Amino acid sequence: MSASEAAVSSNTNTGQAFGTTGYRNYVLISLTLLYTLNFIDRVLISILAQPIIDEFQLLDWQFGLLSGFGFALMYTLVGIPIARFAEKYNRVRIIAASVILWSVMTALCGFAGGFLSLLAFRVGVGIGEAGLTPPANSIIADYFPPRSRAKAMGTYAMGVTLGGVFAAAFGGPIADMFDWRTAFIVLGVPGVLIGLVFWVSVKEPPRGYSDPPGTEKKESTGIVETFKMLSKKRTFWLNTAAAALVAFVGYGISAFQVAYFQRAFEMTLSEAAFQIQVPAGLAASFGIFAAGYLTEKLTPRWKNALVMIPGIGLVLSVPFYVIAFSTGNVPLAVFMLIIGAALHYTYLGAQYTIGQGIADARSRATAIAILLFIVNIIGYGLGPLFVGALSDIMISSQLSASSFSAELTSDMCKGARELLTANLGAEKAEVCLDSNAGGLGQSLVITAILYGICGIIYMLASKTLHKDLVAKM
């Protein structure tokens, strides 16, 4: 326990918010900014997908491995040890050091000489980013009492979608103006300064301060004890299963969404980023905030609002995504993506609110790390790989059905239009481009249907939610 914590230990479990309203909001905004930066650096590679695929001549499954599994493996493996460290030591310093590390590794991605070196730097980004969310959830729970946590976690969770928006808004134009390497460098370097500012300006709160009086306190909870506690919490595992499947679908789609619109409608990177990714990301941010706000307002009258709102939203999002990735009309596709994103992202605040709400103050970071371990290894690790592999299968199927079935393969059809035309001729190049777009579109449609299953799982969690919560809402 640090000196600052010891000084206020007698005031823990007050049931009140910690700090002044202005400073508390500053901390929340700061953490949300860091989470936004986290996702800028995480998803930037997805915005830059097509030029990277073209330069390194990658199949879609290879890019899925590069954008997903390579990052997720170390992110998940390192997350739990960092969270255990955060249960005992200064969480603010852990977060700040992590921000600096992942920012440096993001910038280094711009110097990658090939597939393997880019994969290595992505692994470094994953190691750094593992140090943010578990301690951040723990800090938020100590600044905000249970009645305010759904909205606070909803605000923090907006970093996911805002990060995607800024990655698209800046990454796309920078890559078009210079190249994809410059985009990594320009968007990576500022995080070093931001991490230092966070280090010196945010105060470590006493653990458990905002929990209601009488909440069970434990000085230390080991990893084994945390697992034992979680094993009795059915809501935690339903939330984890639903969130992991949502991440599987969401990360899989986001890894290839910009590339799909570039292929299907021959958009430039900037056009796809601004016309598709930015509006969809803003809509997703609205969905996260609206869900948190509605949960706080409706819970007194509808006790299961925390899980029913995302459950309904996910089920309703399915037809919108299916239309978005199957229509040949860009404005219609954008409209469908906006509605679908706003509906499906209603789950994100609930994911964290449940994850930390079922744990006591000394195990929250570990509980969130366990949640993220499963969510990211399944979602981020396998989602992009699945969509990429399925896309390659669908592309091969379309090539087999073409008039050049005996002459064209997926390997031969990788590259920009100019390269394909030079190597294969205009007619064969057109078949390749159509197959690349159509196969990826089919993969995205099939994957999006799984959102319906996620929604049903969240609805099932309503049966045990309030029995499992440690600090009642």
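Computation of the quantities below employed the complete heavy-atom set of this structure, encompassing side-chain atoms and omitting hydrogens, waters and symmetry-equivalent molecules. Positions are given from 1, in the same order as the sequence printed here. The structure displayed is predicted, hence computed values, not measured ones.
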Can you find a pair of side-chain heavy atoms, one from Tyr458 and one from Asn239, that are under 4.5 Å apart?
yes
Counting the benzene-type ring for Trp, do Tyr156 and Tyr35 have ring centres under 6.0 Å apart?
yes
Are Asn376 and Glu129 packed together at the side-chain level, in the sense that at least one heavy-atom pair is separated by less than 4.5 angstrom?
no
Taking the inter-plane angle between the rings of Tyr293 and Phe289 on a 0 to 90° scale, is it parallel (under 30°), tilted (30 to 60°) or perpendicular (over 60°)?
parallel
Does any part of the side chain of Leu424, heavy atoms only, come nearer than 4.5 Å to the side chain of Phe404, both counted from C-beta?
no
Considering the options Ser405, Ser435, Ser410, which one meets the side-chain hydrogen bond (donor to acceptor under 3.5 Å, both in side chains) requirement together with Ser396?
Ser410
Sub-6.0 Å ring centroid separation between Phe261 and Phe265:
yes
Around Phe115, counting heavy atoms of other residues, nucleotides and ligands shown, do more than 12 lie under 6.0 Å from its CZ?
yes
So is Arg181 actually on top of Phe184's ring, under 6.0 Å and inside 45° of the axis?
no
Would you give the length of the straight line joining atom OG1 of Thr346 to atom CE of Met308, rounded to the nearest 0.5 angstrom?
11.5 Å
I need the Leu66 CG to Trp61 CH2 distance, nearest 0.5 Å.
11.0 Å
Answer yes if the ring centres of Phe56 and Phe63 are under 6.0 angstrom apart, and no otherwise.
no
Side chain of Asp176, backbone of Ser270: donor and acceptor closer than 3.5 Å?
yes
Parallel, tilted or perpendicular, as decided by the 30° and 60° cut-offs, for the rings of Phe325 and Tyr260
perpendicular
Enter the distance from Leu450:CG to Leu314:CG here, rounded to the nearest 0.5 Å.
11.5 Å
Would you say Glu427 has more than 12 foreign heavy atoms packed within less than 6.0 Å of its CD?
no
